[in-house]
There are 2 protein chains.
Amino acid sequence: MDSPLHLYKAEFFKTLGHSVRLAILDALREGPLSVSELQVIIQTEQSILSQHLAKLRAMKFVSSRREKTTIYYHVHDREVYQFLDLAKNIYVRQLQQSQEMLKELMPSDID
Amino acid sequence: MDSPLHLYKAEFFKTLGHSVRLAILDALREGPLSVSELQVIIQTEQSILSQHLAKLRAMKFVSSRREKTTIYYHVHDREVYQFLDLAKNIYVRQLQQSQEMLKELMPSDID
DNA sequence: CTATTATATTAGAACATTCAAATATATAAA
DNA sequence: TTTATATATTTGAATGTTCTAATATAATAG
């Protein structure tokens, strides 16, 4: 049951399971950005950003190329955006459902 | 940057980031199954299975209904399968790429 | 060479997740 | 009731992840 492939799949999703890493992928939607450009957008410590980039690199979500001292990152396989958008459909529905449950509970009194 | 929605997205992916939970979703592809049926398929401790089912329930990936003493689980939103299949395309390509890199390194000698 | 800029890596503390075992709950049958 | 069966929850130890701070590397300019 816990075949290497199952474990790999789990790693794939774990890699996406962090808000900073999702923010990085979002930021790279329109094209490559350097680490310092990402730093401005994502508003996070240099070393934290680098660590998260390392995880995305390890899982081949992103690749980098150097230009003088600047390193530019880009998304390796643009299909991830289709994938992230499909995910969005699903979790938006999940959230809406929670909302509806809340509304059903709320309207009368708070108890 | 770390808005509640960003954090929710991350939780969504984290929930998928475990081989047992992925195996549960896979097992439920063809329709509902009881916990004991899942236990046979996934070959895991009762309490561990229950704990993972709880996480999938919390994130609304699955719902359950009771029939006498048996509890049947089903996938809440079948679009997750489209989504999981898209994910598969992506990580299979990622794996292939790693394979190619390995082959490029191997053929000559081991050093 | 040395200093500077950009980025990466490492080490350890803080925090979160998972697992295993024990216990709890819910239903039905006897 | 009591017992049996199916599943869920709780607790603490083991393990894994993230963050912070410090240090390392790589390229260039001076």
Side-chain angles (χ1 to χ4, degrees), chain A residues 1-4 6-25 27-28 32-74, chain B residues 1-4 6-25 27-28 32-76:
Chain A
M1 189 264 110
D2 249 355
S3 68
H6 273 116
L7 294 171
Y8 183 87
K9 282 193 219 186
E11 290 308 314
F12 175 91
F13 285 110
K14 264 191 228 170
T15 302
L16 296 172
H18 192 288
S19 59
V20 169
R21 292 192 294 268
L22 291 174
I24 291 170
L25 292 178
L28 296 177
L33 290 174
S34 71
V35 175
S36 31
E37 286 167 332
L38 282 169
Q39 216 168 317
V40 171
I41 296 171
I42 298 181
Q43 294 274 104
T44 185
E45 281 283 325
Q46 184 272 316
S47 90
I48 290 182
L49 184 55
S50 244
Q51 288 172 114
H52 288 296
L53 285 168
K55 294 218 167 185
L56 289 171
R57 248 188 293 125
M59 212 39 162
K60 298 201 174 38
F61 280 106
V62 299
S63 309
S64 61
R65 76 190 143 72
R66 181 184 280 276
E67 216 166 275
K68 299 205 171 194
T69 62
T70 302
I71 294 189
Y72 289 93
Y73 277 88
H74 64 277
Chain B
M1 191 263 111
D2 251 353
S3 69
H6 273 115
L7 294 171
Y8 183 87
K9 284 193 217 186
E11 290 307 315
F12 175 91
F13 286 110
K14 264 191 229 169
T15 303
L16 296 173
H18 193 288
S19 58
V20 168
R21 293 192 294 267
L22 291 174
I24 291 171
L25 293 177
L28 296 176
L33 291 173
S34 70
V35 176
S36 29
E37 286 167 331
L38 281 169
Q39 216 169 318
V40 171
I41 295 171
I42 297 180
Q43 296 272 106
T44 186
E45 283 283 324
Q46 182 274 315
S47 90
I48 289 180
L49 185 55
S50 247
Q51 288 171 135
H52 288 296
L53 285 168
K55 292 218 169 186
L56 288 171
R57 247 187 294 125
M59 213 39 163
K60 296 201 174 39
F61 280 107
V62 300
S63 307
S64 61
R65 76 190 143 73
R66 180 184 281 274
E67 215 165 275
K68 302 204 171 194
T69 60
T70 302
I71 295 189
Y72 290 93
Y73 277 87
H74 63 277
V75 166
H76 188 77

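On a predicted model such as this, the values are computed, not experimentally measured, just so you know. Computed over heavy atoms, backbone and side chain alike; hydrogens, waters and symmetry mates excluded. In the text below, chain A, chain B and the rest are named by the order of the sequence lines, each starting its count at 1.
- Across all strands, A/Tyr73 comes closer than 4.0 Å only to sugar-phosphate atoms, never to a base (heavy-atom distances).
- In this structure, the CD1 atom of A/Ile71 is 9 Å from the P atom of D/dA27, given to the nearest Å.
- The CD atom of A/Glu67 lies 5.0 Å from the CZ atom of A/Arg65; values are rounded to the nearest 0.5 Å.
- The backbone N or O of B/Leu33 lies less than 3.5 Å from no partner atom in the side chain of B/Glu37, so there is not a single donor-acceptor pair.
- At a threshold of 4.0 Å, the pair B/Lys9-B/Glu11 does not count as salt-bridged, since none of the basic side-chain nitrogens sits closer than that to a carboxylate oxygen.
- In this model, the phosphate group of D/dT7 is approached by a side-chain N or O of B/Ser36 to a distance below 4.0 Å at OP1 or OP2.
- Interface limits on DNA chain C: the 5'-most and 3'-most nucleotides within less than 4.0 Å of chain A heavy atoms are C/dA6 to C/dA11.
- Considering NE2 of A/His52 and CD of A/Glu45, their distance stands at 11.5 Å, rounded to 0.5 Å.
- Computed from coordinates, the B/Leu49 CG to D/dA6 P distance equals 14 Å when rounded to whole Å.
- If one axis is set at each end of the helix from C/dC1-D/dG30 to C/dA30-D/dT1 from five pairs, those axes are 10° apart, to 10°.
- The structure places OG1 of A/Thr15 at 10.0 Å from CG of A/Leu25, a figure rounded to the nearest 0.5 Å.
- By the side chain to side chain donor-acceptor pair (under 3.5 Å) test, A/Tyr72 pairs with no residue at all, sequence neighbours left out.
- Rounded to an integer number of Å, the gap from A/Glu45 CD to D/dA21 P is 7 Å.
- Of the two residues near DNA chain C, A/Tyr72 and B/His52, the one whose nearest nucleotide lies more 5' is A/Tyr72.
- The closest donor-acceptor contact from the side chain of B/Arg21 to the backbone of B/Leu56 lies at 3.5 Å or more, if one exists at all.
- Straight-line distance from the CG atom of B/Leu7 to the C1' atom of D/dT18: 14 Å, rounded to whole Å.
- Rounding to the nearest 0.5 Å gives a distance of 4.5 Å between CD1 of A/Ile42 and CD1 of A/Ile24.
- A/Leu7 pairs by the side-chain contact (heavy atoms from CB on, under 4.5 Å) definition with A/Asp2, B/Ser19, not counting sequence neighbours.
- The side chain to side chain donor-acceptor pair (under 3.5 Å) search around B/His18 returns none, not counting sequence neighbours.
- In this structure, A/Phe13 CZ and B/Phe12 CZ are separated by 8.0 Å, a value rounded to the nearest 0.5 Å.
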For this session: Would you mind building the protein contact string for nucleotides 9-17 of chain D? One character per nucleotide, 5' to 3', B for base within reach (heavy atoms under 4.0 Å), S for sugar-phosphate only, - for untouched.
Result: BBB-----S
